[in-house]
Amino acid sequence: MKTHFELPKAALSVMTLLEDKGFEVYLIGGYVRDLLIGRQSTDLDMATNASAKAMIEIFNDHPLSLIGEKLGTVGVKIEDTWVELTTYRSESTSSNYRHPDEVRFIGSLKDDVLRRDFTINALALNVYGDLIDYTDGLNDLEQKRIRAIVHPEDRFAEDALRILRALRFSSQLGFSIEAQTAQAMIADQDLVKTLPIERIAAELDKLILADHASEVMRAYPQLIKPWFDYDLEALDKLVHFSDKALRYLCLLNKMGHDEIEKQLTSLKFSKAFIKMVLDLKALSLISTHDRYSIKVLMGQYGNELLDLAIRYQKIMGIAGIDPDTYQKLKSEKPAVTLKMLALNGNDLTELGYTGKEISTSLNALLDLVMNEKIENNREALIKALKKLH
Ligand code: ATP
Ligand code: MG
């Protein structure tokens, strides 16, 4: 593999400015990893021996983000791109497995590299675009392998999030996890409990939505199931679902409404997302060829959800809502809600109807239209209305 690369323009500008002031700076982490394997990557992370204070001075005429300043991180916006600059650091062992007890500002790229999680995330590029590889990360990248830096057990004990990050990268990149690293992940798995659930959920979500989710979920159920209890048998189907709600439904397909709700709530999903999965679950259990019944579903759930549900039933091999009948109805665009009726509340008021009569009459008319007893036009509706009373 080549060891010389062209830097993105924004990165080069930042690096040149810092170097001109006598500082060291390297592009490092996810961007370099992704560049080497031809994967699209957006966030530019850099490591430097400049302190946050020095960075702020150098980039004071650019938009800055100072949220991470205390940890030595400053965001700089340059040529419409945000670049994240972090002072070299090494983190001591943490007491709560997440927040380092102390962040020391130190002087070398090598130390900074050694505190990172995996060798493939520890590759750096200097301002000339030359690759710097202290941990044999390039070899691991070529072998498609995720390997913890130095002593795996210590690395996961320092920060248990790395256990989930390893699984997530494996799923996103299609890389295997090197044996000792995997062993250490299993040995340290109880430490994941010490992490905030939001962080666990965020990593699991990325894992589940990535291309190689089924391989990872098949290989490491003991690490994932304590947080998300999926159906191993459904993993073969997972690749067919790019929609997020369907992916989750597929993994939870054996569960009933309440269990699904419990699982997704425990992972802090939004109410709207949980409702979507539950609606899809309800739809997935329906089997019908009947035009009227399908119209009722179209009115109640909307076509977007029905499209998903029918796709789900097809892939899961469920004889469900008849796709041909549904497609035909979709092109016919029949009235399936009161809003779509050619007569509305105002019309009925003008015709002398009041109070509850209005909604009862409109609903009765909609039902007649949906049953294809009358056409959805004013004349037919008014005629039918008179017959109702
Ligand atoms: P992504 O594609 O998800 O952005 P990334 O590798 O860039 O992947 P980030 O979370 O953006 O991941 O972190 C940037 C870099 O910081 C990583 O590549 C890694 O070197 C280091 N890093 C991030 N999180 C950790 C961690 N928990 N422990 C050690 N190093 C970490
Ligand atoms: Mg990143």
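All ligand and atom numbering here is 1-based and tracks the order in the structure. All values below come from the heavy atoms of this structure, side chains included, with hydrogens, waters and symmetry mates left out. It should be emphasised that the depicted structure is a prediction, and the values quoted were computed from it without experimental measurement.
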- Message: Check this for me, if you would: do Lys330 and Asp307 make a salt bridge, where the nitrogen-to-carboxylate-oxygen distance has to be below 4.0 angstrom?
- Response: yes
- Task: Identify the two heavy atoms, one from Ala122 and one from Ile149, that lie closest to each other, and give their separation to 0.1 Å.
- Result: CB-CD1, 3.6 Å
- Query: Which of the N/O/S atoms in Asp43 sits closest to the Mg ion (ligand 2)?
  - Reply: OD2
- Message: Can you tell me which residue among Tyr230, Phe241, Phe228 is in a ring pair (Phe, Tyr, Trp, His ring centres under 6.0 Å) with Tyr248?
- Response: Phe228
- Note on the structure: A student checking ligand 1 against Gly29 at a 4.0 Å heavy-atom cut-off should list atoms 18 (O)
- Item | Best match, Ser41, Gly30, Ala124: closest heavy atom to atom 7 (O) of ligand 1 | Gly30
- Item | Asp45 and ligand 1 - part of the residue with a heavy-atom distance under 4.0 Å | side chain
- Task: Could you see which bit of Phe169 sits under 4.0 Å from ligand 1, with heavy atoms only: side chain, backbone, both or neither?
- Result: side chain
- Item | Within-cut-off N or O pair, Tyr31 and ligand 1, under 3.5 Å | no
- Does any N/O atom on Arg162 come nearer than 3.5 Å to any N/O atom on ligand 1? yes
- Task: Determine whether the side chain, the backbone, both or neither of Asp117 has a heavy atom under 4.0 Å from any heavy atom of ligand 1.
- Result: both
- Item | Short side-chain donor-acceptor distance under 3.5 Å, Asp347 and Tyr353 | no
- Query: If you take all heavy atoms of Arg291 and Glu332, which pair is closest and at what distance?
  - Reply: NH2-OE1, 2.7 Å
- Item | Single-linkage hydrophobic cluster, 4.5 Å side-chain cutoff, Met340 and Leu368 together | no
- Report yes or no: do Asp111 and Tyr134 form a side-chain donor-acceptor pair below 3.5 Å? no
- Message: Side chain or backbone, does Gln172 bring an N or O within less than 3.5 Å of an N or O on ligand 1?
- Response: no
- Message: In terms of relative ring orientation, are Phe156 and Phe118 parallel, tilted or perpendicular, with 30° and 60° separating the classes?
- Response: tilted
- Message: With a heavy-atom distance limit of 4.0 Å, tell me whether Asp43 approaches ligand 1 through its side chain, its backbone, both, or neither.
- Response: side chain
- Item | Min heavy-atom dist Arg115 to ligand 1 below 4.0 Å | yes
- Backbone, side chain, both or neither: what part of Arg168 comes under 4.0 angstrom of ligand 1, heavy atoms only? side chain
- Item | side chain to side chain contact (heavy atoms under 4.5 Å, CB included) partner of Val216, chosen from Ile177, Leu235, Leu207 | Leu207
- Task: Would you please determine whether Arg165 falls within less than 4.0 Å of ligand 1 on a heavy-atom basis?
- Result: yes
- Below 3.5 angstrom, do we get any N/O pair linking Asp34 and ligand 1? no
